[in-house]
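What you see below is based on every heavy atom in this structure, not just the backbone, and it leaves out hydrogens, waters and symmetry mates. In what follows, every chain begins at residue 1, and chains take the letters A, B, ... in the order their sequences are listed.
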Amino acid sequence: MNANKRERVIGEDGQERTLPQDQIEYNQCQDAVKRLTEYLSHELRPDEETKIQRHLAQCKGCFTKFHFEETLLSTIRERVDQVRAPISLRERILGLLTHHDSSFGA
Amino acid sequence: MPDEELFPSSDPPRRISDTDHERQRQAFEAQMLPHIDALYRAAYSMTKNPGDADDLVQDTYLRAYQFFDRFQGGTNAKAWLFRIMTNLYINRYRRRQREPERVSYEDLEDFYLYNRLAESEDGPVGGESPEVEVVRKVQVEAIREAIARLPEEYRMTVILADLNEFSYQTISEMLDIPIGTVRSRLSRGRRLVQKALWAYSEENPR
């Protein structure tokens with residue numbers, strides 16, 4: 001992206017003016033952060049998701065933080081997924097199902 | 001959620017033979033038992049106690065078995081079981097606990113944990129950024145503790161959305177709350193988890 005690029009906007013006074021690049025990026029960052037929750041849950045519409053991904057490809061600051069959040073979530077999931085139901089619980093449930101059939105059966 | 005919504009059809013019970021029973025039980029076990037680990041993990045996070053988690057999972061399976069003929073084959077068995085369990089939990093265990101909830105309404109910043117780690121970093125460790133390196137070492141005890149500390153409504157949303165990856169739509173139906181509420185609870189819940197993880201690491205330095 002051309003660093004000298006300026007974007008034309010209409011100010012509150014109705015005058016056309018240009019915004020410096022860093023301010024445009026700031027707005028894009030704010031926009032991306034606002035959608036962080038849904039982005040991480042894959043709940044964004046495809047076009048919104050693409051927009052964020054495009055921003056992340058351009059903005060190192062956001063990329064680092066979003067990558068951190070994604071890593072945290074997947075790490076939490078991995079760790080918690082290692083917990084298994086006790087064998088005794090599984091056996092007890094199987095026993096109860098059989099018992100249920102014999103006491104309510106034909 | 002009332003039972004009629006969970007178990008929509010109301011065909012009169014028919015008399016079935018022993019072999020039918022046997023076949024039905026095998027079908028139930030094949031479709032429902034593979035989800036026992038996920039249910040147990042969620043039950044543990046909800047009740048915060050292995051004994052109650054056992055009871056909650058057991059009751060969920062018994063109830064599901066009772067209404068198995070109303071389960072629509074081909075639909076999501078895990079979501080169906082979770083819906084039953086969430087209902088049982090809300091109607092029974094939560095009422096029993098009646099603990100006052102300490103909800104703090106202070107504002108929590110975005111990227112809470114990232115910012116704390118960035119402030120305290122001891123320099124790069126490997127190829128990844130030091131913050132990510134730290135996160136990859138988070139232990140299951142810390143996570144369990146962080147989720148257990150969450151106020152009820154945030155805890156349920158985090159368990160369903162982040163640990164089990166149910167859609168906002170499904171969670172909104174399970175908890176009977178609007179989708180916007182799912183989103184805002186999750187957003188806040190995640191920050192609270194990060195805050196608790198940070199507190200845990202401060203209390204348990206390694």
Side-chain angles (χ1 to χ4, degrees), chain A residues 26 29-45 48-49 52 56 59-106, chain B residues 15-18 20-22 24-25 28-29 33 36-41 43-45 50 53-54 57-58 61-62 65-66 110-111 113-115 117-118 128-129 131-132 135-140 142-144 146-147 158 161-165 167-169 179 183-184 186-187 190 193-194 197:
Chain A
Y26 177 72
C29 297
Q30 262 193 328
D31 228 44
V33 172
K34 229 187 287 171
R35 289 173 176 72
L36 172 69
T37 304
E38 288 161 292
Y39 179 80
L40 293 173
S41 305
H42 307 289
E43 288 276 343
L44 288 174
R45 290 200 319 264
E48 291 179 309
E49 189 168 321
I52 305 264
L56 295 181
C59 176
K60 192 165 188 297
C62 283
F63 174 82
T64 310
K65 291 176 189 163
F66 273 62
H67 177 55
F68 176 86
E69 299 286 322
E70 283 176 323
T71 309
L72 176 61
L73 267 187
S74 60
T75 307
I76 287 178
R77 223 160 10 231
E78 269 166 39
R79 296 286 189 278
V80 172
D81 281 355
Q82 287 164 8
V83 178
R84 299 263 180 265
I87 301 290
S88 59
L89 175 62
R90 191 184 293 262
E91 284 168 352
R92 200 167 77 207
I93 289 170
L94 286 173
L96 283 168
L97 296 184
T98 316
H99 178 72
H100 183 277
D101 278 351
S102 54
S103 44
F104 295 91
Chain B
R15 293 184 66 79
I16 47 179
S17 69
D18 280 349
D20 277 349
H21 268 310
E22 186 63 34
Q24 186 177 345
R25 195 173 70 235
F28 179 84
E29 288 172 12
L33 273 189
I36 192 171
D37 291 324
L39 284 169
Y40 179 77
R41 287 192 281 271
Y44 196 119
S45 304
D54 274 14
V57 172
Q58 176 189 308
Y61 272 105
L62 283 181
Y65 191 51
Q66 239 176 309
D110 295 305
F111 309 111
L113 185 59
Y114 176 88
N115 292 338
L117 291 168
E128 288 262 34
S129 81
E131 294 82 9
V132 167
V135 157
R136 289 201 201 279
K137 292 185 194 128
V138 173
Q139 298 300 303
V140 72
I143 295 165
R144 184 171 278 172
I147 291 173
V158 166
D162 283 348
L163 303 187
N164 290 285
E165 298 183 89
S167 71
Y168 291 2
Q169 176 66 44
I179 287 188
R183 189 190 308 120
S184 60
L186 185 59
S187 168
R190 281 176 180 164
V193 165
Q194 295 195 1
L197 284 177

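Of the atoms belonging to A/Leu97, heavy atoms from both backbone and side chain fall under 4.5 Å from chain B. Looking at B/Leu39, neither its backbone nor its side chain comes within 4.5 Å of chain A, counting heavy atoms on both sides. Looking at B/Arg183, the atoms closer than 4.5 Å to chain A (heavy atoms on both sides) sit in the backbone and in the side chain alike. Contacts between B/Asp110 and chain A at a heavy-atom distance below 4.5 Å involve the side chain alone, from C-beta outward. In this structure, no portion of B/Tyr44 lies under 4.5 Å from any heavy atom of chain A. Contact of B/Arg190 with chain A is made through the side chain alone, with heavy-atom distances under 4.5 Å. Proximity to chain B involves both the backbone and the side chain of A/Leu72, based on heavy atoms less than 4.5 angstrom apart. Proximity to chain A (any heavy atom under 4.5 Å) is restricted, for B/Glu29, to the side chain, taken from C-beta onward.
With chain B as the partner, the residue from A/Glu78, A/Gln82, A/Glu38 showing the most heavy-atom pairs under 4.5 Å is A/Glu38. Most heavy-atom pairs under 4.5 Å with chain B: of the set A/Arg84, A/Glu43, A/Arg90, A/Glu69, this distinction falls to A/Glu43. The candidate with the highest count of non-hydrogen atom pairs below 4.5 Å against chain B, out of A/Asp81, A/Leu40, A/Thr71, A/Ile76, is A/Asp81. Options B/Gln169, B/Arg144, B/Gln66, B/Gln194 differ in how many heavy-atom pairs under 4.5 Å they form with chain A, and the most are formed by B/Gln194. For the set A/Arg77, A/His42, A/His67, the entry with the most heavy-atom pairs within less than 4.5 Å of chain B is A/Arg77.
Between the side chain of A/Arg92 and the main chain of B/Gln58, no donor-acceptor pair closer than 3.5 Å is present.
Contact record, A/Ala85 with B/Asp37: N-OD1, 2.8 Å, taken as the closest heavy-atom pair.
Rounded to the nearest 0.5 Å, atoms OG1 (A/Thr37) and CG (B/Leu186) are 6.0 Å apart.
Using cut-offs of 30° and 60° for the angle between ring planes, the A/Phe68 and B/Tyr114 rings count as perpendicular.
Within a 6.0 Å radius of CZ in A/Phe63, no more than 12 heavy atoms belonging to other residues, nucleotides or ligands are found.
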Next item on the list: Test A/Val33 against B/Phe111 for side-chain contact (heavy atoms from CB on, under 4.5 Å), laying out the working first.
Entry: CA-CA 9 Å; A/Val33 172; B/Phe111 309 111; 3.8 Å; yes
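When each of B/Ile143, B/Val135, B/Val132 is paired with A/Thr75, the side chain to side chain contact (heavy atoms under 4.5 Å, CB included) condition holds for B/Val135 and for no other.
Partners of A/Ser74 by side chain to side chain contact (heavy atoms under 4.5 Å, CB included), not counting sequence neighbours: none found.
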